[in-house]
Amino acid sequence: MKVKTAVIGGVCKSTQGRDKGRHYIISQVAESAVYVVDGNFKKLASPKKKNLKHIELLPESAESIGAKLTRGDKVFDSEIYSALKSYNCPAPTEEEQS
């Protein structure tokens, strides 16, 4: 299922640029761009601006983080990093462990 609209708290994957393949959480939505964070390289203090053409919107979302961001509550970078850990640091497969 392909998502067509960007929402705050949604998970996206970068398809262009030197960060190609990294997953992010959307922290702000602008007209033709979004501001994304990953809690490690791009923190909430300095989000990365990505053109909507250069990301793939995923059907997953971080509802708790999105709700905090829209309410204006404090969100920690460690929360974002933990939410994206399964995307950016996948568990090793059996072949890699051997």
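Numbers here simply count residues along the sequence, with the first being 1.
Listed by chain and residue number, Glu79 satisfy the side chain to side chain donor-acceptor pair (under 3.5 Å) test with Lys68 (two or more places apart in sequence, or in another chain).
Taking the centre and axis of the six-membered ring of Tyr81, the NZ or CZ atom of Lys85 falls outside the cone set by 45° and 6.0 Å.
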Distance-only donor-acceptor pairs under 3.5 Å for side chains of residues 8-21, two or more places apart:
residue: Ser14; atom: OG; partner: Gln16; partner atom: O; Å: 3.0
residue: Ser14; atom: OG; partner: Asp19; partner atom: OD1; Å: 3.0
residue: Ser14; atom: OG; partner: Lys50; partner atom: NZ; Å: 3.1
residue: Thr15; atom: OG1; partner: His54; partner atom: O; Å: 3.0
residue: Asp19; atom: OD1; partner: Lys50; partner atom: NZ; Å: 3.2
residue: Asp19; atom: OD2; partner: Tyr24; partner atom: OH; Å: 2.8

Side-chain donor/acceptor pairs under 3.5 Å, residues 27-39, sequence neighbours excluded:
residue: Ser27; atom: OG; partner: Tyr35; partner atom: O; Å: 3.1
residue: Asp38; atom: OD1; partner: Asn40; partner atom: N; Å: 3.0
residue: Asp38; atom: OD1; partner: Phe41; partner atom: N; Å: 2.9
residue: Asp38; atom: OD1; partner: Lys42; partner atom: N; Å: 2.8
residue: Asp38; atom: OD2; partner: Arg22; partner atom: NE; Å: 3.4
residue: Asp38; atom: OD2; partner: Arg22; partner atom: NH2; Å: 3.0

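Of the inter-residue distances, the one linking Lys53 atom NZ with Ile55 atom CD1 reads 13.0 Å to the nearest 0.5 angstrom. Note that the CD1 atom of Ile25 and the CG atom of Leu58 stand 11.0 Å from one another [nearest 0.5 Å].
Scanning all heavy atoms of the two residues, the minimum distance from Leu69 to Ile26 falls at CD1-O, 4.1 Å.
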